[in-house]
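Down below is the structure, laid out as structure tokens.
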Amino acid sequence: MVGVAEPTVTSLGAGWYLVDDGERRWRVAVAGEGDMQWVFLEGQVATLETPRPGRRRAQSTEAGVMSPMPATVVAIHVAPGQSIAEGETLVVLEAMKMELPIRAPRAGVVKTVACAKGDLVQPGVNLVEFE
Amino acid sequence: MVGVAEPTVTSLGAGWYLVDDGERRWRVAVAGEGDMQWVFLEGQVATLETPRPGRRRAQSTEAGVMSPMPATVVAIHVAPGQSIAEGETLVVLEAMKMELPIRAPRAGVVKTVACAKGDLVQPGVNLVEFE
Amino acid sequence: MATGGIRRLLIANRGEIAVRIIRACRELAIETVAVYSDADAEAPHVRAADRAVHLGAAPARESYLDAAKVIAAALASGADAVHPGYGFLSERAHFAGACEDAGLVFVGPPSASLERMGSKIGARRLMVEAGVPVVPGEAPADQSDASLAAAIGRVGFPALIKPSAGGGGIGMKIVRTAGEAVDALAAARREAKASFGDSTLYVERLIERPRHVEIQVFADSHGNVVHLFERECSAQRRHQKMVEESPCPALSATVRQAMGQAAIAAARAVDYRNAGTCEFLLEGEGESAKFYFLEMNTRLQVEHPVTECVVGVDLVHAQLAVAAGAPLPFTQESLSQRGHAIECRIYAEDPAQGFIPQAGPILLYREPQGPGIRVDSGVTTGSVVSVHYDPMLAKLIVWAASREAARQKALAALREFAVLGIRTNIPFMIQLLQHQQFVAARIDTGFLDREGPAIAAASVQELPAAALAAVAEHRRLGASSTPGTLGALGPDPFVSLGGWRG
Amino acid sequence: MATGGIRRLLIANRGEIAVRIIRACRELAIETVAVYSDADAEAPHVRAADRAVHLGAAPARESYLDAAKVIAAALASGADAVHPGYGFLSERAHFAGACEDAGLVFVGPPSASLERMGSKIGARRLMVEAGVPVVPGEAPADQSDASLAAAIGRVGFPALIKPSAGGGGIGMKIVRTAGEAVDALAAARREAKASFGDSTLYVERLIERPRHVEIQVFADSHGNVVHLFERECSAQRRHQKMVEESPCPALSATVRQAMGQAAIAAARAVDYRNAGTCEFLLEGEGESAKFYFLEMNTRLQVEHPVTECVVGVDLVHAQLAVAAGAPLPFTQESLSQRGHAIECRIYAEDPAQGFIPQAGPILLYREPQGPGIRVDSGVTTGSVVSVHYDPMLAKLIVWAASREAARQKALAALREFAVLGIRTNIPFMIQLLQHQQFVAARIDTGFLDREGPAIAAASVQELPAAALAAVAEHRRLGASSTPGTLGALGPDPFVSLGGWRG
């Protein structure tokens, strides 16, 4: 920000800030404590995170697939030992009246199916693992 | 409240309370700390005070008249020694674009006029005192 | 809507109207510049604007009424236009002229129109010339009984005799028949001489229990002038409006049309431009009602949302477009009224103490929400209501398909409108909207002055147990979190009851 | 508006629609009873109601979908009527019947109407009999090439061949000229046999790039049926509507009139009562447009506010009046459209990740406000969005005099709509409303499925310095007030950027 004055920030309370860059003023909302903040400005939203070593992300990896959110298993399309193609639907979840197909991130062979139809599954736990 | 269950009160945050009398529920707002609270229910508002010994009230008494709020003196209609009738206008104040006539609470004689035209006067201070 | 050259607008006002204009600008991608006094540094209108310029001390004459400071702020912030709102500098011809001289677009009429309407006597003469009805009246040069009696005959009965030099009702006499004239003239002359040292008398038609009905007009710089129908504003206290509505239940289609045409004629007579309002007194109702021009307000009115809801227009958008030189975004033929709107002005005042204005911090503030409910406001929780400005905090505007549905909606909304820390007229308003005369739409301009105290008294109610229970819990929570603040509380916290009232 | 016998209403729903119905009841002096699951004990609809009854566990089948529990709650709370809202039990004929049996007024159509419209095949037959246009289609008993080719000729070109047992697009073939029929039939038959073990084929007219246009209807128990014009709902993703507006820019006055009459005929064919919606596919635009009945939604629609704004009615008030036996509060002749309304559905979903629904706590929530802006919502700061229910948080509805003014107002309002803690489609919506096809009002039902990913990608923007500055201040304030929570922060707090995106 060479040549631009440091913006002044005034807390307005309840997560709102008035940012004045010396020319224009912006109303910004910030929420969240600890290592992740949400920020809002004129309809746009971002999250800002500080990575923590060893923190597990609730997403699928080379080793297996996870649910991105709490959901119910409504169908399982694969069995252990089965060969799968990249993009093939492995499991279908339902959350919030929507079906969520969980697809294979790569081609491979199913090692284990760690869920059953009707299970309420949580994010961060493998549903299907690959060999 | 004989025969009626004690109402349950749940704080909803930001001064709001949900009061359940076992039959109906009411949303009540309360504000104010210390010895005076404001309370709101369905458009009605009340203040509840705990009287403090020795606290001065910003209102006129037998001994003199006060401004009920910060205001500017725009006219003085009496002078020391002058006889006044009950209800006679002594001083005219202006606040918030409104004229406020300050009237005599009783018949009597003016002892002192403790303000001048153009003064910004505060509540709790005598404007005119009586003999 | 074309708002042409306006890129950055300075709003030379504060409170709800400044916020409302800023919102309109957001939709039109016009940058906004707020101005503020020392008292308003943290006010909602300042926070809402893209830029903000400090004007001066809290008293209006050192800030919002200081034309030179406002124009300097506009130039310094790169604004190309100024919206004056209402009040403050909005009807000062010299301010409009100074904007014009500084190359700033003034969002309002040209200074020449302001001048012509600014003189009451001049405006009355112009209206008579334009064929707009005014309250008949004259101060004959020949002040003899015979001459004054003839003047009374010309203005019509009932007539009012009043001292030309007077005011405040002193020396005013009502004459209902020609036979009463001589005695009344003698009495009025004596009182006028005694009170004002001048016995010159003015006679005019007495309009008994009139309604205040006003017509919104709009003119552009291409020769188009339209009216946007009426607003009924009779619910006023000492000329301070409290409730406005549209349509006016007392107007027939014929009278409405005639008033609209009169308002257009009035606007044309002063070469008017932008939004304006012609105020009329209305005598009687229905087909036989008569109307008389009072004055023209050469600005946006406080109560403009009532028209916006019923006619389906955005008057501020239209103001900006017309100020930028665009033609009116509507034609007379395209305009019509639909449903019914009511505006309730929320004042910081205590109706139980003669409507004395209130100042101080707002400890808690929550507006009603819902379909057909609009709130234009300039305060929030934590705002400090200053003694320096108008005590109007907000306007509640409701729209519904019928007057009765709008009345019920306004009542439901008022019951949800929470303002703590200062007294407001909300509890009074709840009573007023349920008053038999309001329900029947039979309010004249004297109604609130006559009935206000009784309505205020009726709004004192018993404190419900639920309210007491909530206060007890509030005190208990306060005691546990901040024990220090409760040291002054006695054993029985409810010793003194401030009252459940309006 | 007469709402007769209804004194206390149970609202068998949650979220924004429950809140909206409660608000309507306040205006009508009807007491309200909310119901809630374990997940909703602190939800806004529960707090807003006069009474509240707990139904059961969070899954809908154990709470909001459990008809027996809902009826028991109504009887236990002394309610005399039940409003089902939309979704959940609203179109279950057995629930309406159970209400009727329990002596509760069901605010909706009689169970018999629900049954007749509940069967898609039965409803289609009824509509054909009533003269309401449906998409031409048949599954001939004789499945020979000659018979199917003849059927294709009857339904018209372009035609679509699809397996009777099928779904998901498998085996579907488009036939644009008669010459293509034989090859297409052979291919479709092979694929149908291979995929479904059944080669029976169905042929229908292919409606290319249709719009979804629906007509609001309303019927009372006195034989009156009216329509309240159309809503354009083509902006939908996988049949989930995202933006609705009215009027539909593609309708001519003639086609609008014909659709209104068709919808009235549809309602009469099932002896309908209360509010309902006939959904149509619209092919083409202007005078040459053709429309085809899809289905009738036998309840209040999510998007009903669009009609309320443009037609100037309160559909929930009318529902309660009609349910209580009153005649319709409006006649066909009294109804007209004015201006333009747009509704944006605010979903907890992440458009950047295939619109996956989001659940979790809302850390900060603020709705836009202003003239012509209405927000119907069921959440607030601190609400926890549950995985158990629909991810719709709120509806933003704007009204303005023209479509373009409404679009600008919606954009300005979306930019003021703050939801933090969970992803929403607000940034996506801001892009969508600026998409050239939306600006030009050229959206068909496939638009969002085709263009959604590109719009989501376009809504990723660079993070402005002002946002970073505010986050830094937030962290600094958090560090000083609650130092413990910041222990995990590294020296550079902006190492990982979650993205400025939709």
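Labels below follow one simple rule: chain letters A, B, ... track the order of the sequence lines, proteins then strands, and each chain is numbered from 1.
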To the closest 0.5 Å, what do you measure between CZ (B:Phe40) and OH (C:Tyr365)?
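B:Phe40 atom CZ to C:Tyr365 atom OH measures 12.0 Å (nearest 0.5 Å).
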Just how far is it from atom CD of B:Gln37 to atom CG of C:Leu363, taken to the nearest 0.5 Å?
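Those atoms lie 10.0 Å apart.
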For the student: nearest non-hydrogen atoms of [X] and [Y], plus distance:
X       : Y        : answer
B:Val28 : C:Ala467 : CG1-CA, 4.1 Å
B:Pro7  : C:Ala469 : CG-CB, 3.8 Å
B:Leu48 : C:Val471 : CD1-CG2, 3.8 Å
B:Ala31 : C:Leu420 : N-CD1, 3.7 Å

Heavy atoms, side chains only, cut-off 4.5 Å: are [X] and [Y] in contact?
X        : Y        : result
B:Val19  : C:Glu473 : no
C:Thr424 : B:Val45  : no
B:Gln44  : C:Ile430 : yes

Interchain contact, [X] with chain B, by part (heavy-atom threshold 4.5 Å):
X        : value
C:Ile422 : backbone
C:Val419 : backbone
C:Ser386 : backbone

Can you name the residues of residues 10-18 of chain B that have some heavy atom under 4.5 Å away from a heavy atom in chain C?
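Result: B:Ser11, B:Ala14, B:Gly15, B:Trp16, B:Tyr17.
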Quick check on the interface: out of C:Glu416, C:Met429, C:Gln358, who has the most heavy-atom pairs with chain B under 4.5 Å?
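Of the options given, most contacts go to C:Gln358.
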Sort out for me which of B:Val9, B:Asp20, B:Thr8 touches chain C most, counting heavy-atom pairs under 4.5 Å.
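When all of B:Val9, B:Asp20, B:Thr8 are compared, B:Val9 has the most.
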For C:Val387 and B:Thr72, what are the C-alpha separation, side-chain angles and deciding distance, and is it a side chain to side chain contact (heavy atoms under 4.5 Å, CB included)?
CA-CA 10 Å; C:Val387 297; B:Thr72 305; over 6 Å; no
Residues C:His474, B:Trp38; criterion side chain to side chain contact (heavy atoms under 4.5 Å, CB included); working and verdict:
CA-CA 10 Å; C:His474 184 79; B:Trp38 293 74; over 6 Å; no
